[in-house]
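These notes concern the structure reproduced below.
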Amino acid sequence: MKRGWMGLALGVALLAGLLAFRAARYGRHDARPDIGIGLKPAFDQGALAQRLAGALRIPTVSDAETPTRNDDNLRALRAYLANTYPLVHARLGCEVIAGNSLLFTWRGSDPALAPAALLAHLDVVPAETDAWRVPPFEGRIQDGFIWGRGSLDDKVAVLGILEAATALLQQDFRPRRTLIFAFGQDEETGGHAGAAALAALLKSRGVKLDSVLDEGEVVGEGLVPGVTKPVAFIGTAEKGYLSLGLRATGPGGHSSMPGGADATVHLLRALAKLEARPFPARFTEPVDGMFRALAPEMGPIQRLALANRWLSGPLLEHQLAASPATNALLRTTMSVTRLEAGIRDNVIPGEAQALVNLRLLPGDTVVSATARVRQGIDDPAVSITPDAASALEASSVSPSEDPAFRAIASAIHAAFPDALVAPSLVLGGTDSAHYGALARTTYRFLPVRVGPEDLERFHGRDERLAVKNYAEAVRFYAAYLQTAGAP
């Protein structure tokens, strides 16, 4: 008996030692890449803010139902950019594609190098004017912030890139690698007109891109429990997009004589089945890379759990699933976004419909996700129809050990010296989805500081950007144009 207890104690000690050893080795310190940034232009924060505010006053609101409604505002923004950044337009040229999308080409000195593309979009989502502290299209500078729709998403990138390019042109900078600026007109409704046309044009010209940088992740402040430093997340992949139309049918009839096979009953049961059977959680490469990059800043218990997922996996997944943000990092999600049934209060509807929106984790596909939903519902009274026009597969994963990634990281360290850098997974969609076939690597990063209180400002009310943060964003783009423009 004594020998057995000693063996058990030894086994526990060995296990504890193994867990501690793995925790000690887990993680990857943020190596600061040494990519030369020779030019560091000085920027007038006030003047930068005024020019961005001018663009925010033009309400380039995308409308999926009537896309051409935005044409006049997009033309007005195009004229504003031409008047505000004449040097970029003169030296790089500006091609107008698909009506209102813009393409700039900064020719590099070495045509053998594949170009790098910087993406941004000109359109914004609608804004409920009455709910805002400051009117969303007034472009007001107040309390140290630039207020307005597009200050975060995504005119900050459009103007930030043009500001940086202007400053570098004034200092006679010429990249070795060709740099392409592609600004789409309809990203907020899927990019099917703007980004798709821009990508198709580049493909028709035989362009193969070394890298793409689009919006996506941000410099998060206070977003990761246990990590006190700001974290610049670089999206190395983004989730896919799939909407499934559910349609249930039944006999209908008078509400005084309900039956057990009503359309609404079938539909509600189907939705309840989906709620009870979520997609399984798993760690993809971008999420694993994110935790490895942040682990050195975390406490010993967190590192222990992350380093030993073979043991702590179920508990860890349960904890991460408790937060909508971290839950979405680990699984394909499903959200009911539309419900429709009935015409009168005394009529049992013969038809009920719902729209379920899925965001696909890399590794899940449109076909496999649809099949799982069909299997989970398993009701012949409920038809399931994918919206093929809007469906997008999850992107491929670009490596975080790559010169293109290091070029972004180097520019981040130049503009945000206090920030850590970590790969991550983008939960939403970006225009970069249309460039996948053209680009060797694709990354998603928007150089804005975002705290917990700012997350709801994206597509929400009181969207704003600190004046000093916008200057940081412009400095990032000035650095990145140099690091991306050099092999």
Side-chain angles (χ1 to χ4, degrees), residues 48-81 84-85 96-102 118-142 145-163 181-198 214-218 426-434 444 446-448 450 454-466 469-470 473:
L48 291 176
Q50 289 291 347
R51 289 191 286 270
L52 176 57
L56 302 183
R57 298 183 187 114
I58 305 172
T60 52
V61 178
S62 272
D63 185 341
E65 302 299 324
T66 54
T68 57
R69 181 182 297 179
N70 203 19
D71 285 353
D72 288 346
N73 289 326
L74 287 167
R75 281 193 288 268
L77 179 58
R78 192 168 79 226
Y80 177 81
L81 297 178
T84 306
Y85 304 103
V96 180
I97 310 300
N100 291 298
S101 297
L102 307 180
L118 288 78
L119 312 186
H121 61 89
L122 306 166
D123 62 321
V124 298
V125 295
E128 297 177 358
T129 303
D130 295 340
W132 285 54
R133 176 181 164 189
V134 173
F137 298 108
E138 191 173 292
R140 187 188 301 178
I141 301 173
Q142 177 179 304
F145 292 93
I146 311 160
W147 297 76
R149 180 63 88 215
S151 57
L152 291 173
D153 185 13
D154 178 41
K155 290 179 181 176
V156 56
V158 174
L159 273 78
I161 292 168
L162 296 177
E163 292 281 3
F181 309 157
F183 302 152
Q185 67 201 45
D186 65 335
E187 189 274 344
E188 298 294 2
T189 55
H192 301 290
L198 288 162
D214 198 0
E215 62 171 336
E217 295 292 357
V218 295
V426 176
L427 303 180
T430 69
D431 271 346
S432 68
H434 297 280
R444 303 151 190 89
L446 186 67
V448 297
V450 173
D454 299 313
L455 292 175
E456 294 182 356
R457 300 184 195 276
F458 287 87
H459 290 200
R461 65 182 181 182
D462 292 337
E463 186 177 344
R464 68 184 189 182
L465 177 67
N469 183 196
Y470 180 48

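The analysis underlying the following values was restricted to heavy atoms, covering all of them including side chains, and did not include hydrogens, waters or symmetry mates.
Residues Ala193 and Ala98 share a closest heavy-atom pair of O-CB, 3.8 Å. Heavy-atom minimum distance, Ala120 versus Ala157: CB-CB, 3.8 Å. When all heavy atoms are compared, the tightest approach of Ser62 to Glu188 is CB-CB, 4.2 Å. Between Gly460 and Arg149, the shortest heavy-atom distance links the atoms O-NH1, 2.7 Å. Between Gly148 and Leu56 the shortest heavy-atom distance is CA-CD1, 4.1 Å. Residues Thr430 and Ser432 come closest through the heavy atom pair OG1-OG, 2.6 Å.
Other residues, nucleotides and ligands contribute more than 12 heavy atoms inside 6.0 Å of the CD atom of Gln142.
Here the side chain of Glu215 pairs no donor or acceptor atom with the backbone of Asp153 at under 3.5 angstrom. A donor-acceptor pair is defined here as one N or O able to donate and one able to accept, closer than 3.5 Å; such a pair exists between the side chain of Asn73 and the backbone of Pro59. Here the side chain of Asn469 pairs no donor or acceptor atom with the backbone of Val448 at under 3.5 angstrom. The closest donor-acceptor contact from the side chain of Glu463 to the backbone of Pro136 lies at 3.5 Å or more, if one exists at all. Between the side chain of Thr84 and the main chain of Tyr80, a donor-acceptor pair closer than 3.5 Å is present.
For the atom pair CZ (Phe183) and CD1 (Ile97), the distance works out to 13.0 Å, reported to the nearest 0.5 Å. Interatomic distance, CG of Asp214 versus CG of Asp154, reported as 7.0 Å (0.5 Å rounding). Taken from CZ in Arg464 to CH2 in Trp147, the straight-line distance is 4.5 Å, to the nearest 0.5 Å. The CG atom of Asp431 sits 7.5 Å away from the CG atom of Asp123 when rounded to the nearest 0.5 Å. Taken to the nearest 0.5 Å, the CD atom of Gln185 stands 6.5 Å off from the CG atom of Leu74. In this structure, CG on Asn100 lies 7.5 Å from CG on Asn70, to the nearest 0.5 angstrom.
Counting only heavy atoms from C-beta outward, the side chains of His434 and His192 approach each other to under 4.5 Å. Under the 4.5 Å side-chain criterion, counting only non-hydrogen atoms from C-beta, Leu119 is not in contact with Leu198. Contact check for Phe137 versus Val61: side-chain heavy atoms found under the 4.5 Å cut-off. Side-chain contact between Tyr470 and Val156 is present, with heavy atoms from C-beta onward closer than 4.5 Å. Contact annotation: the side chain of Leu52 approaches that of Leu465 to within less than 4.5 Å [non-hydrogen atoms, C-beta and beyond]. Side-chain contact between Lys155 and Thr60 is present, with heavy atoms from C-beta onward closer than 4.5 Å.
For His121, the ring-ring contact (aromatic ring centres under 6.0 Å, His included) test picks out no residue, with sequence neighbours left out. Residues passing the side chain to side chain donor-acceptor pair (under 3.5 Å) test with Asp72, sequence neighbours excluded: Arg75.
For residues 51-63, the pairs satisfying salt bridge (charged side-chain N to carboxylate O under 4.0 Å, His left out) are Arg51-Glu163, Asp63-Arg69, with sequence neighbours left out.
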Next item on the list: Just do the side chain to side chain contact (heavy atoms under 4.5 Å, CB included) check on Val158 and Leu102 with the steps written out, would you?
Entry: CA-CA 10 Å; Val158 174; Leu102 307 180; over 6 Å; no
